[in-house]
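Values in this document were obtained by computation on a predicted structure and should not be read as measured data. Naming: A, B, ... by sequence-line order, numbering from 1 per chain.
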Number of protein chains: 2
Amino acid sequence: MPIERRPLREQIREELMLRLDRGDFAAGTDINEVALAGELGVSRTPLREALITLAGEGVLESNQGRGFRFAPVSRKEFRELCAIVAALEALALESSDPAYLKKIAPELLGLAQDFSDNIAERQDIERHDDEWHDLLLSGCGNERLLDLITSVKAGMRRYAHLMTGESTPMERAAEEHCRVAERLLDGDLEGAAAALRDNWVNGMERMMARIP
Amino acid sequence: MPIERRPLREQIREELMLRLDRGDFAAGTDINEVALAGELGVSRTPLREALITLAGEGVLESNQGRGFRFAPVSRKEFRELCAIVAALEALALESSDPAYLKKIAPELLGLAQDFSDNIAERQDIERHDDEWHDLLLSGCGNERLLDLITSVKAGMRRYAHLMTGESTPMERAAEEHCRVAERLLDGDLEGAAAALRDNWVNGMERMMARIP
DNA sequence: GTGTAATATTTTGTATGCAGAATTCATAGT
DNA sequence: ACTATGAATTCTGCATACAAAATATTACAC
């Protein structure tokens, strides 16, 4: 059995993202390195390494002498991030193998449909949505692009917990997912990419109201 | 006078990128932390922090227990990076203020023209090219996008020194820059973005021959 | 009571120290 | 000669230590 042998900084980063998803940290919160390191049971060194990584992804900010803090949220930044991910996911889709996309299209359609049926917890919805997008991009051979998308999405997770448990806007999202899948079934890559971009733009507008 | 007061890790990162541009490090070279730290006159701690940042940008790779090394180059990765930057710069252009673009279009055209006239050193050419693209995107309000472009371009610098001092392909690049500027003069944003994408795709193909 | 200067405390940024993994080198066996 | 094995060495990953910057607290003048 291959025992887990991974740098602490990565495990720490993962744990911090988990806590961020749980809503443990409010945006703008300063991070106390000694306190957090003690809480996690590690030293400051790998913790700081994780913090630097997260700062590179835009999850944290760092100011000289003042350490790290969770970057504050803003409508402007959210709009910016959505535009970026929309473009990147569209690119990933367009540079995927059309045959493969046609093959997974039914599955994508199915997922999108029982997406609108089941009204679940917020976190379940998010997970479902993430998995759908992951499957959609699973045929893209551009590894750097996929990494980049993951990284940018990490920066967006700060906005996830602002989406409180209303399910109505999700039905719209499910419709949009269906539209993407349908275009793929038709072999219309361009159209699918456009629908995907729309999905992000609309998703953005759905969220905008909830951001201060 | 405001004396420079900036984290060491940033200064180190900058210095390393400078050395990378000078071609001091071959792709695939392992980094010896104590040696490099001694050479730079700093301790391993801020050096490692800089290395982690660079790894996040794709300039370096890190393997558990084996430290950092300059990521090897490949046609595949270069193609991937070009596709990404093309999409991102096009997005930046499309989300710029059209009026502003029209205003700077003459300057862009001028720069592109005396670009083809002066046959200079490789590094001068690169700097000129970089400045042209910077000016082109200077009207984009999406700060996250600009940061991201900078970051991805950092990963591409590993390929820069492969471009030895032949000037012929640069004339093609200058032509393409002119075309972008001309479209902007006409107020044709879509066309300019398309021409910009072409510039990246063509630039990629010009480079492909020189990569092992 | 409020504002300010001096001091104490906290917290970050950097340096150093240490344990263990990875690599190298040497030696023995075939 | 070549491979295998094990010791010696090198180097990373993490922990701890220290110095300087930032923040909080106190004392005091007005």
Side-chain angles (χ1 to χ4, degrees), chain A residues 1-20 24-72 158, chain B residues 1-20 24-72 158:
Chain A
M1 87 188 172
I3 56 172
E4 186 157 348
R5 178 151 292 301
R6 236 176 12 143
L8 271 186
R9 60 172 181 276
E10 284 182 20
Q11 301 181 47
I12 293 171
R13 177 190 172 284
E14 217 165 85
E15 173 65 23
L16 290 179
M17 288 303 288
L18 223 74
R19 295 190 181 197
L20 180 64
D24 286 9
F25 312 102
T29 318
D30 292 349
I31 286 181
N32 184 322
E33 297 180 6
V34 286
L36 188 54
E39 205 177 313
L40 296 170
V42 297
S43 84
R44 282 179 57 215
T45 309
L47 171 59
R48 277 179 63 85
E49 295 181 344
L51 296 179
I52 287 169
T53 307
L54 289 172
E57 296 176 327
V59 178
L60 300 175
E61 285 182 352
S62 78
N63 297 58
Q64 166 67 280
R66 209 160 304 175
F68 298 86
R69 67 169 191 172
F70 282 86
R158 287 176 295 136
Chain B
M1 85 186 175
I3 54 171
E4 186 156 347
R5 178 149 291 302
R6 222 165 38 131
L8 271 185
R9 61 171 179 276
E10 285 183 21
Q11 301 181 48
I12 293 171
R13 178 189 172 284
E14 217 165 86
E15 174 63 24
L16 290 180
M17 289 303 289
L18 223 74
R19 295 191 180 197
L20 180 65
D24 286 8
F25 313 102
T29 316
D30 291 349
I31 286 181
N32 183 324
E33 297 180 6
V34 287
L36 188 53
E39 205 177 314
L40 296 170
V42 297
S43 84
R44 281 180 57 213
T45 310
L47 170 60
R48 276 179 63 86
E49 294 182 343
L51 296 178
I52 287 169
T53 307
L54 290 172
E57 295 176 329
V59 178
L60 299 176
E61 285 182 353
S62 78
N63 297 57
Q64 167 67 280
R66 210 160 304 174
F68 298 86
R69 68 169 190 171
F70 283 86
R158 286 176 295 136

For this session: Quickly work out the A:Asn32 CG to D:dA22 C1' distance and round it to whole Å.
Result: 13 Å
Exercise. CG of B:Leu36 versus P of C:dA15: gap in Å, rounded?
Worked result: 13 Å
Exercise. How is A:Ile12 classified with respect to the nucleic acid when contacts are heavy atoms under 4.0 Å: base, sugar-phosphate, or nothing?
Worked result: nothing
Problem set entry | Contacts of type side chain to side chain donor-acceptor pair (under 3.5 Å), residue A:Arg158, not counting sequence neighbours | A:Glu77
For this session: Find the distance A:Arg9:CZ to D:dG13:C1' and express it as a whole number of Å.
Result: 8 Å
Exercise. Nearest nucleotide by nearest heavy atom, which residue falls closer to the 5' end of DNA chain D, A:Glu49 or A:Gly65?
Worked result: A:Glu49
Seminar exercise, completed: Whole-Å distance, B:Glu33 CD to C:dA15 P, equals 14 Å
Exercise. With respect to the phosphate group of D:dA15, does any side-chain polar atom (N or O) of A:Ser43 fall under 4.0 Å of OP1 or OP2?
Worked result: yes
For this session: Would you indicate, yes or no, if C:dT23 has its OP1 or OP2 atom less than 4.0 angstrom from a side-chain nitrogen or oxygen of B:Arg66?
Result: yes
Seminar exercise, completed: Here the distance between atom P of D:dC11 and atom CG of B:Asp30, to the nearest Å, is 11 Å
Exercise. If you look at every strand shown and take non-hydrogen atoms under 4.0 Å, does B:Ile31 touch a base, only sugar-phosphate, or nothing?
Worked result: sugar-phosphate
Exercise. Just checking B:Asn63: base, sugar-phosphate only, or nothing, at a heavy-atom cut-off of under 4.0 Å?
Worked result: sugar-phosphate
For this session: Inspect the contact between B:Arg13 and B:Glu57 and indicate whether a charged nitrogen and a carboxylate oxygen are less than 4.0 angstrom apart.
Result: yes
For this session: Could you check how far CZ of B:Arg48 sits from P of D:dA15, rounded to whole Å?
Result: 12 Å
Problem set entry | Integer-rounded Å distance: D:dG13 C1' and A:Leu47 CG | 15 Å
Exercise. Between C:dT12, C:dG13, D:dC14, which one does the side chain of A:Phe68 approach most closely?
Worked result: C:dG13
Problem set entry | Euclidean distance, atom CZ of residue B:Arg44 to atom P of C:dG17 [Å, nearest integer] | 12 Å
